[in-house]
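Inspection log for the structure reproduced underneath, given as structure tokens.
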Amino acid sequence: MSPASKPKFKNPRAKFNYEGRPVSVTGVGSYVPAKVLTNHDLEKMVETSDEWITSRTGIKERRIAAAGEFTSDLATKAAQRAIKMAGITADKIDLIIVATITPDLPFPSTACLVQQKLGARRCAAFDLEAACSGFIYGLEIGQQFIMSRTYDTVLVIGAEKLSTIVDWQDRNTCVLFGDGAGAVILQNRPNSHGLLTAVMGADGSKADLLSMPAGGSRCPATAASVAARLHYLRMDGKETFKNAVQAMLTAAQEALRRCEIDIAQIKCVIPHQANRRIIDAVGERLGVGSEQLFVNLDRYGNTSAASVAIALDEAVSSGKIHRGDLILLVVFGAGLTWGAAVIEW
Ligand code: ACO
């Protein structure tokens, strides 16, 4: 293989063909806040235009949570819908995983706050941080607990209030993001919707592409860090774009390989909803037909860890997915991180 044709990213060496208890997605739900911020609204806030945002990203509007509505509130509402669809009660949940880069507080975890709001008293709860890849990381982790028979019921949530870490003076980033949450219940329920595989990967050499510079141990909050606007998300858009395409391809190809299926067998491809041009570039390289793609970023923008979870819920509730259909979820995020999952619905 010539260096030019070598894949840019490598998935970790994972043993995936061992025997374990099968895992099903028995419930899915999502929630987005009521307030809509359109591209025309943004025209009044920064030097931008609906035409620029639409043509460069595909985004038309996004949702913004109310001042008193926190990530744990969005997460709880999405979770309640997933719990309802699964036909269980909150006390059945053994583990809550919340994937987020916008927790209510640095600690305790948002998962603990969600546990309290759901009244799910008999479970473990923790947050995980893999940026936009967090929900797929959560699926993989939840899957392991069920396969190993450690737990029977795992709630995985992707939830973000990105509007609190977006710099509303920076037109390069503020047009891209929105708030929302999506959730699934994972259980062992033979003859239900099977999670066939979940893949996750990372490349920390690309950590500087997308980050929030201050607020951690490297740069604790000071009057100077606030004045320098370091508590907002910073991104090298062009480099992130290129790496996103490569990382999503790496993840998707690994997930298909593990399941020994071809992209043509996938009924619905649900990519991370960051930018329509990234989605199309990945789709083209993977050989995905437009009828296979599910896209809702025109209405929500990039909701990071919530993105594919919200899209999965909408694809199911809109009738795009039917029983027995194969679904491919594929994501990338800051870190750099990536992931993919195949579900037989
Ligand atoms: N309105 C008008 N003009 C703008 C805007 C805006 N909102 N934003 C940038 N511009 C300008 C730039 O300043 C630049 O002007 P210049 O040529 O005078 O310097 C010009 O438009 C072109 O900018 P580019 O960076 O070349 O635009 P590009 O086509 O690359 O699109 C974008 C930018 C949309 C950010 C794209 O690079 C992208 O989507 N990147 C990936 C971002 C992403 O997906 N991030 C999420 C990662 S996931 C996570 O973990 C959170």
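Counting starts at 1 for both ligands and their atoms, following the listed order.
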side-chain hydrogen bond (donor to acceptor under 3.5 Å, both in side chains) pairs touching residues 325-336, sequence neighbours excluded, are none

Give a yes or no on whether a salt bridge exists between K60 and D50, defined as a side-chain N under 4.0 angstrom from a carboxylate O. yes

Requested in this report: Output yes when E314 and R299 qualify as a salt bridge under the 4.0 Å nitrogen-oxygen rule, no when they do not.
Outcome: yes

> Do T38 and D41 meet the criterion of a side-chain donor-acceptor pair at a distance under 3.5 Å?
Replying inline: yes

Sequence neighbours excluded, the answer for side chain to side chain donor-acceptor pair (under 3.5 Å) partners of E160 is T100, T102, S304

The side chain to side chain donor-acceptor pair (under 3.5 Å) partners of R121 (sequence neighbours excluded) come to none

Heavy-atom contacts under 4.0 Å to ligand 1, chain-then-number order, include exactly E47, T48, W52, R56, T57, A131, C132, R171, N172, V175, F177, L210, M235, G237, K238, T240, F241, H272, A274, N275, R277, I278, N302, F332, G333, A334

